[in-house]
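In what follows, a single structure is set out as structure tokens and then discussed.
Each ligand, and each atom within it, is numbered from 1 in the order the structure gives.
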Amino acid sequence: MQLERFLEEVEASFDGDPQVSDPSDPAFAELTRTVNGYTSANELAVLNAAARALPEDECYLEVGSYKGRSICGAVRSVPDRTFYVLENYLEFGMQGQEARAELEHNLATHAAHADVRLIEGNCFSLLRRPGLLDRPVGVYFYDGEHTATSHYLALGIIEPWLADEAVVLVDDATYPMVTDAHDAYIARHPQWRVERRWDARTNDDPRWANGLHALSFRRDAATARGSEEPWDVRWRRLGYRTVLGPGQKAAWTAIHRFPGLVPLAKRLYPSKEASSIEASDRS
Ligand SMILES: C[S@@+](CC[C@H](N)C(=O)[O-])C[C@H]1O[C@@H](n2cnc3c(N)ncnc32)[C@H](O)[C@@H]1O
């Protein structure tokens with residue numbers, strides 16, 4: 001996937017500077033009204049621009065679908081590309097069943113024309129599974145859990161799957177913990193760059209939600225296919241598998257069983273998770 005193609009598509013999708021303009025296609029704003037979720041119309045237009053620029057022999061991969069707003073935006077008028085979605089429903093507790101039904105309904109309504117392959121599970125485990133995806137990832141959209149370790153790992157774990165040139169879109173990137181995580185990753189991995197930062201001016205900014213950053217990856221000899229997993233990714237992955245992942249799972253289960261913990265959780269988590277906690281509390 002050529003970064004330049006993506007940037008051209010972004011430019012063509014807005015009437016002016018994307019930071020301060022609406023997408024030219026009003027369908028993205030309409031999607032934010034009809035499909036529950038967290039991504040803004042501008043973010044949807046950027047995801048869609050990435051999907052439009054994707055070569056046929058590469059795929060688009062999203063982590064974190066929730067009820068499908070972002071994937072419905074990405075696939076709009078893109079009938080002939082392959083889209084994978086990884087989702088574990090962790091953050092939504094028992095409501096996961098409901099979220100899944102709504103996701104399926106939304107896909108049937110807004111994405112029936114597209115080849116969308118939903119895989120259920122934790123992305124950090126799934127992406128260690130050989131053969132999970134049938135082609136290299138040209139576009140990767142990460143909108144999963146937001147801890148510093150998850151965001152660092154979100155880049156590390158995808159690297160072997162990426163096409164030789166790829167675009168990586170990171171949601172909620174205005175949160176300092178997210179920006180710090182990708183800046184720390186890039187400092188150790190010179191094949192990566194931040195190409196565009198569409199930052200939010202406020203929490204849940206109507207135009208950019210909590211910010212979207214576009215990163216590029218270009219494979220070189222140090223990241224040749226079949227290279228060993230770098231140590232900085234390996235120790236975080238092991239830490240996630242043994243401590244952080246089980247801890248998060250226990251925390252979400254506890255929040256669901258003991259709603260009295262909700263105010264504490266809202267203080268500890270950034271605002272998008274807080275909305276999920278509130279939604280879980282109401283279920
Ligand atoms: C903020 S929501 C995604 C919002 C969605 N993209 C939209 O447009 O509305 C984050 C989602 O990521 C999922 N998630 C979090 N951590 C995950 C992980 N490790 N693997 C897979 N899915 C994960 C959560 O269950 C949740 O549905």
Side-chain angles (χ1 to χ4, degrees), residues 28-29 31-48 50-51 60-76 83-104 106-107 110-111 116 118-129 132 139-147 149-158 169-173 175 178 203-204 208-212 236-237 240-241 244-249 251-253 255-256 269-280 283:
F28 298 113
L31 263 183
T32 66
R33 288 189 282 273
T34 51
V35 178
N36 274 324
Y38 298 103
T39 31
S40 66
N42 283 39
E43 291 183 302
L44 296 180
V46 170
L47 301 180
N48 183 252
Y60 179 112
L61 170 67
E62 167 177 288
V63 168
S65 62
Y66 186 44
K67 298 184 178 181
R69 183 190 283 180
S70 44
I71 194 67
C72 289
V75 304
R76 179 171 161 70
F83 296 83
Y84 284 94
V85 175
L86 309 188
E87 168 61 56
N88 65 353
Y89 297 103
L90 174 70
E91 294 178 18
F92 302 90
M94 294 301 288
Q95 220 192 17
Q97 295 290 345
E98 237 174 78
R100 185 181 302 118
E102 217 173 313
L103 169 62
E104 278 162 11
N106 288 329
L107 289 177
H110 301 284
V116 179
L118 176 61
I119 306 179
E120 192 169 328
N122 188 313
C123 64
F124 301 118
S125 313
L126 288 172
L127 287 167
R128 293 283 297 167
R129 200 180 283 173
L132 181 78
V139 179
Y140 171 51
F141 173 50
Y142 182 80
D143 194 11
E145 63 203 52
H146 303 302
T147 64
T149 303
S150 311
H151 269 275
Y152 196 99
L153 265 184
L155 304 188
I157 197 106
I158 199 65
L169 297 158
V170 180
D171 201 22
D172 300 292
Y175 291 142
V178 176
N203 252 345
D204 300 323
W208 288 103
N210 295 304
L212 180 70
R236 282 178 176 80
R237 190 172 53 71
Y240 180 90
R241 201 179 70 195
L244 187 64
Q248 276 184 335
K249 195 169 178 184
W252 280 104
T253 307
I255 283 164
H256 199 75
Y269 278 82
S271 78
K272 192 145 126 185
E273 265 73 10
S275 313
S276 307
I277 292 164
E278 275 166 358
S280 170
S283 69

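- Considering CG of Asp143 and CD of Glu62, their distance stands at 7.0 Å, rounded to 0.5 Å.
- At a threshold of 4.5 Å between non-hydrogen side-chain atoms, the residues Thr149 and Phe124 do not count as touching.
- Contact annotation: the side chain of Ile157 approaches that of Arg128 to within less than 4.5 Å [non-hydrogen atoms, C-beta and beyond].
- Atoms CZ and CG, from Phe83 and Leu118 in turn, are 14.0 Å apart once rounded to the nearest 0.5 Å.
- When side chains are defined from C-beta on, Leu127 counts as touching Leu86, because their heavy atoms get closer than 4.5 Å.
- Rounding to the nearest 0.5 angstrom, the gap separating the CZ atom in Arg69 from the NE2 atom in His110 is 10.5 Å.
- Backbone and side-chain nitrogen or oxygen atoms of Gly64 are examined, and one is located within less than 3.5 angstrom of a nitrogen or oxygen of ligand 1.
- Counting the atoms of ligand 1 from 1 in the order shown, those under 4.0 Å from a heavy atom of Tyr66 are 2 (S), 3 (C), 4 (C), 5 (C), 27 (O).
- Near Gly144, meaning under 4.0 Å from one of its heavy atoms, ligand 1 places the atoms 12 (O), 15 (C).
- The shortest N or O to N or O distance between Glu62 and ligand 1 is not below 3.5 Å.
- Remark: distances from the non-hydrogen atoms of Gly121 to ligand 1 include one below 4.0 Å.
- Between Tyr142 and Tyr140, the ring-plane angle classifies as tilted under the 30° and 60° cut-offs.
- Not a single N or O atom of Phe124, backbone or side chain, sits closer than 3.5 Å to an N or O atom of ligand 1.
- At a heavy-atom cutoff of 4.0 Å, ligand 1 is contacted by no atom of Ser150, backbone or side chain.
- At under 3.5 Å, not a single nitrogen or oxygen of Asn36, backbone or side chain, sits near a nitrogen or oxygen of ligand 1.
- At least one N or O atom of Asn88, backbone or side chain, sits closer than 3.5 Å to an N or O atom of ligand 1.
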